[in-house]
Amino acid sequence: MSLGTRIEAQVASPSDGWVVYAGPFRSYGQLLIINAGGGYHILLAGMDKITVELGQFVLSGEPVGVMGRGPQLVSSAGLGTAQPILYVEFRKDGNSIDPTPWWATSESEKVRG
């Protein structure tokens, strides 16, 4: 999923987990991969700056990066927007999954990894 953000918006981790990759990746700008446990990984891409380090444990809601002043993703050029685009992907055992259950509104609905 691709989300339009404010310029220089702060990006927060959607889940507790271990940072297993933090750095540039192809045309995705800065890429962050969080191991949420149980075979789940969360990819966040398109940031201008990552503020956490490889091997660090992050908590859900913890700041992990900052968006830039415009799109970082080459693939976002066709979206017709000049705003920064955050790409979010949830994976289970190496396959993309529907992220809907991860966007819970209450603590009792939160996916545990």
Side-chain angles (χ1 to χ4, degrees):
M1 99 183 353
S2 295
L3 306 167
T5 72
R6 293 183 334 269
I7 291 173
E8 299 178 348
Q10 187 175 66
V11 177
S13 176
S15 173
D16 297 352
W18 294 96
V19 175
V20 295
Y21 184 85
F25 184 75
R26 298 184 184 167
S27 66
Y28 292 90
Q30 294 293 310
L31 171 69
L32 180 65
I33 302 176
I34 299 170
N35 180 345
Y40 290 98
H41 288 85
I42 302 164
L43 288 69
L44 303 170
M47 296 170 284
D48 186 54
K49 179 180 174 185
I50 293 175
T51 58
V52 294
E53 298 179 9
L54 184 64
Q56 181 177 339
F57 187 81
V58 295
L59 299 173
S60 178
E62 181 176 343
V64 294
V66 178
M67 298 302 291
R69 301 198 62 75
Q72 295 282 327
L73 302 173
V74 170
S75 61
S76 67
L79 295 177
T81 181
Q83 74 186 116
I85 304 294
L86 177 66
Y87 175 78
V88 182
E89 183 176 335
F90 291 79
R91 298 180 72 81
K92 169 73 170 152
D93 298 325
N95 298 307
S96 292
I97 61 168
D98 178 7
T100 304
W102 292 82
W103 305 122
T105 57
S106 71
E107 188 64 28
S108 65
E109 296 175 18
K110 184 177 176 183
V111 174
R112 299 286 177 201

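Owing to the predicted nature of the structure, the values given are computational and were not obtained by experimental measurement.
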Sub-3.5 Å donor-acceptor pair from the side chain of Asn35 to the main-chain atoms of Gly17, do we have one? no
Side chain to side chain contact (heavy atoms under 4.5 Å, CB included) partners of Thr5, counting only residues at least two apart: Ala9, Met67, Pro84, Leu86
Are any of the side-chain heavy atoms of Ser13 and Ile34 separated by less than 4.5 Å? yes
Verify the cluster assignment for Val66 and Leu31: are they in a single hydrophobic cluster under the rule of side-chain heavy atoms below 4.5 Å apart? no
Could you list who else is in Leu54's hydrophobic cluster, with ILVMFWY side chains joined at under 4.5 Å, directly or through other members? none
Which heavy atom in Ile50 sits nearest to a heavy atom in Gly23, and how many Å separate them? CD1-N, 3.6 Å
Are any non-hydrogen side-chain atoms of Pro14 and Leu44 less than 4.5 angstrom apart? yes
Contacts of Asp98 meeting side chain to side chain donor-acceptor pair (under 3.5 Å) (sequence neighbours excluded), chain-then-number -> Thr100
So which heavy atom on Lys49 is nearest to which on Gln30, and how close? N-CG, 4.2 Å
Side-chain cluster (under 4.5 Å, hydrophobic types only) that Leu59 belongs to, other residues: Trp18, Phe57
Residue set satisfying ring-ring contact (aromatic ring centres under 6.0 Å, His included) with Tyr21, at least two apart, ordered chain then number -> none
Sequence neighbours excluded, the answer for side chain to side chain donor-acceptor pair (under 3.5 Å) partners of Glu8 is Arg69
